[in-house]
Number of protein chains: 2
Amino acid sequence: MPREKKLATIGQIAASVGVATSTLRFYEREGLLSPAGRSPAGYRLYELGAVEQLQFIRSAQSVGFSLENIKALLSLDERTSCKQVQIMIQSRLNDITQRIVELKSVQRTLTHTLNRCRKSKKGCPVLKDFLKP
Amino acid sequence: MPREKKLATIGQIAASVGVATSTLRFYEREGLLSPAGRSPAGYRLYELGAVEQLQFIRSAQSVGFSLENIKALLSLDERTSCKQVQIMIQSRLNDITQRIVELKSVQRTLTHTLNRCRKSKKGCPVLKDFLKP
DNA sequence: GCCAACCTTAAAGTATAATTGAAGGCTAAT
DNA sequence: ATTAGCCTTCAATTATACTTTAAGGTTGGC
């Protein structure tokens, strides 16, 4: 029989990643991270790998994946779905690229407006004629 | 005495800009756009310039100003506060520039990850080792 | 064997921003 | 007279990611 792995309580896992225990319970409800089991008293017991998974979640969040996205990523079968991962990353990349395009356009517009504003001798042109181009 | 200007009802103004009447009432509460007056029955009556002001609001929104920002812009005295407008635009530009930097960084990271993903022969590397660089 | 620190649940609350909707009742146009 | 449009106020919605609350039960160190 396989020997027991080391297990940690919710507080220990939470502390080692720097999140609140309530966040871990929330993630469990959302299907992002479940404890390996429960103690006789009902305490959640996590494998130490949970720390890694939490770090994965935080990393993915930091590049803009929503918890829903991340749930989808985590639910993939590692061997068969690299393609699916690529699709999700590509989709996120598309969003980001589009957003950058939009922001640059706004940047151009505002820069233009600011220059007009600076050159103006009488009265602020912005307040009459905002962002028309 | 100045002759009466043409006035429009809330529905007419709303329709010509493509917003809901409830939005106009909301803007009024927020101090963004008030009707010129009321009819005997209490109907809001707007000057036609309200359409322009609404378009200003939508334009400013589209480049990322919040309604609060816009309220501040609208409350400025046109003759004296071009400087203040410049400050607000510059501040928005700074936000945008920063956001673009962040997004590009994420873009690089994801592109890198995607390439690793594509090259991988056995199993998806992303699911084990996400975004570490 | 005591007490502080931990754990449990479910549901409700928080934050932000900008609307949107419902209820109940006048008004305008045809 | 019907109906579309307007009025008011107050509340609910949308989205996302948590956080808090209430009312307990459990554990571990001294």
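Note: hydrogens, waters and symmetry copies are ignored here, and every other heavy atom, side chains too, is used. Predicted, not measured: the structure shown is a model, and the values here were computed from it.
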Whether A:Asn94 side chain and A:Ser91 backbone form a donor-acceptor pair below 3.5 Å: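 Checked: no pair found.
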
The side chain of [X] lies closest to which of these nucleotides: [options]?
| X | options | value |
| --- | --- | --- |
| A:Phe26 | C:dT27, D:dC18, C:dT20 | D:dC18 |
| B:Arg38 | C:dT27, D:dC6, D:dT8 | D:dT8 |
| B:Leu67 | D:dT8, C:dA18, C:dT27 | C:dA18 |
| A:Arg44 | C:dT9, C:dA28, D:dT19 | C:dT9 |
| A:Thr9 | C:dC7, C:dT9, D:dC7 | C:dC7 |

Starting at atom [atom1] of [X], determine the distance to atom [atom2] of [N], rounded to an integer number of angstrom.
| X | N | atom1 | atom2 | value |
| --- | --- | --- | --- | --- |
| A:Glu30 | D:dT19 | CD | P | 13 Å |
| A:Ile10 | D:dT27 | CD1 | P | 15 Å |
| B:Leu32 | C:dA17 | CG | P | 14 Å |
| B:Gln12 | C:dA29 | CD | C1' | 12 Å |
| A:Arg29 | D:dA17 | CZ | P | 14 Å |
| B:Leu24 | D:dC7 | CG | C1' | 14 Å |
| A:Phe65 | D:dA17 | CZ | P | 13 Å |
| A:Glu28 | C:dA10 | CD | P | 10 Å |

Tell me whether the side-chain N/O atoms of [X] come closer than 4.0 Å to OP1 or OP2 in [N].
| X | N | answer |
| --- | --- | --- |
| A:Tyr27 | D:dA17 | no |
| A:Thr21 | C:dC7 | no |
| B:Arg25 | D:dG5 | no |

Position toward the 5' end of DNA chain D (nearest nucleotide), A:Tyr43 or A:Ala20: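 The residue mapped nearer the 5' terminus is A:Ala20.
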
B:Leu45 vs A:Glu68, nearer the 5' end of DNA chain D by closest nucleotide: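 By nearest-heavy-atom nucleotide position, the 5'-most residue is B:Leu45.
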
Electrostatic pair B:Glu28:B:Lys71 at N-O distance under 4.0 angstrom: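 Salt bridge flag = no for B:Lys71 with B:Glu28.
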
Sugar-phosphate, base or nothing in reach of B:Ser22, heavy atoms under 4.0 Å: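 Base contact - B:Ser22 has a heavy atom under 4.0 Å of at least one base atom.
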
Sugar-phosphate only, base, or nothing, as touched by A:Ser66 at under 4.0 Å among non-hydrogen atoms: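 The residue A:Ser66 makes sugar-phosphate contact but no base contact.
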
Closest approach of B:Leu32 to B:Gln53 (non-hydrogen atoms, all atoms of both residues):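 What the structure gives for the nearest pair is O-NE2, 2.9 Å.
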
Separation of A:Ile70 CD1 from A:Phe65 CZ (nearest 0.5 Å):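 Spacing of CZ (A:Phe65) from CD1 (A:Ile70) equals 8.0 Å.
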
Heavy atoms of other groups near A:Glu102 CD, more than 12 under 6.0 Å: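 Above 12, so yes.
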
